[in-house]
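Both counts, for ligands and for their atoms, begin at 1 and track the order of listing. Numbers for residues simply follow the sequence, beginning at 1.
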Amino acid sequence: MATNQNPYETLAWAADPDTRVGVLTLNRPEALNAFTNQMLDELADAIKRAERDPNVAALVITGAGRGFSAGQDLKEHLANDGAATIGDHLRTRYHPIIERLYGMAKPTLAAVNGVAAGAGMSLALACDFRVAGSRTRFVQAFVGVGLVPDSGSTYLLPLLVGPARALEMAMTGAPVDAPTALSWGLVNRVVEDDAVVGAATDWAGQLAAAPPKAVELIKRAMRRGSHQRLQEALEYESWLQATAAATQDHQEGLAAFLEKRPARFVGR
Ligand code: T3D
């Protein structure tokens, strides 16, 4: 797709050629952007394209209307006898999205413009950062329909808020408001409701201007850091650092520092 074409029906896509920030908007506001199969297929495609597009250096995901996403579309789930096929549905439709988003080399931000529930919350958790509106609520809605957290929530939520809070959210399904989410580390920033997308895209623009290889390696190191012993983390850091130090961007960063001017990073 050319950077600013929108080939989707349930998503909107826009990218700013100056800042190199791509904004993907879930676009079924009448159902709080609940995920239908069509939307999941389009989302998988859009994330893949954003990952591969050299004109996109950072990705923002948000929702149209008053919500971010209410998770699986329960009406479609019922109509398709989703209970019978839910395991395969998760494996084939949700998992590729979550894995690709979580593993993306570029920075990803969820601009959580309103309620994020069920797998909609999982999608926000799979981004690197979350910017929420002051009235945003996070809901592990699965238990309300007799299900368990999926699409990465059992893995990602305890990492962010700790096991006890994650378990409480999952077992009660009680909404967590934005100030609480901020104090728990579930979101990075809370802003006025109408400023969410602007704040996220501004931040994404700053991240897009950073040296891409270093950003990618930082993400890999931090992700892996919590799963290894200190000695292994030190060794992995040394290996990544040798990779980063071999880039042109490293030389440019040093030259810019010495010449007291802004750096111009090129991504290699
Ligand atoms: O294959 C698989 O199924 C696997 C995947 C499973 C993963 C999951 O995500 S399971 C969890 C699914 N999500 C939920 O259970 C959340 C259901 N929704 C709610 O609990 C509430 O809507 C919210 C807490 C998210 C927001 O509440 P509120 O009061 O702000 O809005 P509302 O009035 O309930 O909803 C507004 C409209 O959106 C309403 O439509 P209407 O009546 O105006 O025509 C409502 O039906 C619709 N909507 C909300 N959530 C969903 C939905 N439509 C379809 N599916 C939804 N999940």
**OP:** Give a yes/no verdict on a cation-pi contact between Arg223 and Tyr102, requiring under 6.0 Å between NZ or CZ and the six-membered ring centre and an angle within 45° of the axis.
**Re:**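 Yes, Arg223 sits over the ring of Tyr102.
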Original post:
In terms of side-chain heavy atoms, does Asn37 have a donor or acceptor partner in His89 at a distance below 3.5 Å?
Top reply: yes
Original post:
Is a side-chain donor-acceptor pair under 3.5 Å present for Tyr8 with Asp45?
Top reply: yes
Distance below 4.0 Å between [atom] and any protein heavy atom?
atom: atom 39 (C) of ligand 1; answer: no
atom: atom 43 (O) of ligand 1; answer: no
atom: atom 13 (N) of ligand 1; answer: yes
atom: atom 18 (N) of ligand 1; answer: no
atom: atom 10 (S) of ligand 1; answer: yes
atom: atom 34 (O) of ligand 1; answer: no
atom: atom 46 (O) of ligand 1; answer: yes

Are [X] and ligand 1 in contact, using a heavy-atom cut-off of under 4.0 Å?
X: Val139; result: no
X: Ala31; result: yes
X: Arg137; result: yes

I want to know if ligand 1 touches [X] in the polar sense, i.e. an N/O pair below 3.5 angstrom.
X: Arg66; value: yes
X: Leu90; value: no
X: Phe142; value: no

So do [Y] and [X] actually touch side chain to side chain, heavy atoms under 4.5 Å?
X: Leu160; Y: Val187; result: no
X: Arg91; Y: Asp88; result: yes
X: Thr108; Y: Ile47; result: no

Original post:
Is there a path of hydrophobic side-chain contacts, each under 4.5 Å between heavy atoms of I, L, V, M, F, W or Y residues, that connects Val196 with Trp203?
Top reply: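 Yes, Val196 connects to Trp203 through the hydrophobic network.
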Is it the side chain (CB and beyond), the backbone, both or neither of [X] that lies under 4.0 Å from ligand 1, heavy atoms counted?
X: Gln72; value: both
X: Thr85; value: neither
X: Tyr94; value: side chain
X: Ala34; value: side chain

Subject >> Asp73, Thr10, Leu26 screened by side chain to side chain contact (heavy atoms under 4.5 Å, CB included) with Phe35, the one that passes >> reply: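 One option only clears the test, and that one is Leu26.
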**OP:** Could you check Trp184 against Val176 for side-chain contact (heavy atoms from CB on, under 4.5 Å), going step by step and ending with a plain yes or no?
**Re:** CA-CA 10 Å; Trp184 286 4; Val176 166; 3.7 Å; yes
Hey, which atoms in ligand 1 end up nearer than 4.0 Å to a heavy atom of [X]?
X: Ala119; answer: 7 (C), 8 (C), 9 (O)
X: Gly71; answer: 9 (O)
X: Asp150; answer: 5 (C), 6 (C), 7 (C)
X: Gly118; answer: 9 (O)

For [atom], which protein heavy atom lies nearest, and how many Å away is it?
atom: atom 15 (O) of ligand 1; result: Leu74 CD1, 3.5 Å
atom: atom 50 (N) of ligand 1; result: Ala70 CB, 3.2 Å
atom: atom 3 (O) of ligand 1; result: His77 ND1, 2.9 Å
atom: atom 22 (O) of ligand 1; result: Leu32 CD1, 3.9 Å
atom: atom 41 (P) of ligand 1; result: Lys75 NZ, 4.7 Å
atom: atom 4 (C) of ligand 1; result: Ile86 CG1, 3.5 Å
atom: atom 37 (C) of ligand 1; result: Glu30 O, 3.9 Å
atom: atom 20 (O) of ligand 1; result: Ala141 CB, 4.8 Å

Subject >> Criterion salt bridge (Lys or Arg N to Asp or Glu O under 4.0 Å) against Glu252, the qualifying member of Lys213, Arg261, Arg268 >> reply: Arg261
**OP:** Show your working on side-chain contact (heavy atoms from CB on, under 4.5 Å) between Ser122 and Leu156 and close with a plain yes or no.
**Re:** CA-CA 8 Å; Ser122 302; Leu156 298 165; 5.8 Å; no
Original post:
Is the CD atom of Gln228 crowded by more than 12 outside heavy atoms at less than 6.0 Å?
Top reply: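 For Gln228, atom CD is crowded (more than 12 foreign heavy atoms under 6.0 Å).
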Original post:
Does atom CD of Glu232 have more than 12 heavy-atom neighbours from other groups under 6.0 Å away?
Top reply: yes
Subject >> Short N-O contact, Glu51 and Arg100, less than 4.0 angstrom >> reply: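 Yes, Glu51 and Arg100 are salt-bridged.
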Subject >> Ion pair check, Arg135 and Asp193, cut-off under 4.0 Å >> reply: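 Here Arg135 pairs with Asp193 in a salt bridge, since their nearest N and O are under 4.0 Å apart.
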**OP:** Using heavy-atom distances, let me know which of Asn37, Val115, Leu40 sits nearest atom 24 (C) of ligand 1.
**Re:** Val115
Original post:
Can you list the steps and then say if Thr136 with Val115 is a side-chain contact (heavy atoms from CB on, under 4.5 Å)?
Top reply: CA-CA 5 Å; Thr136 286; Val115 66; over 6 Å; no
**OP:** List the steps and the verdict of side-chain contact (heavy atoms from CB on, under 4.5 Å) for Asp177 and Phe138.
**Re:** CA-CA 7 Å; Asp177 63 20; Phe138 292 88; over 6 Å; no
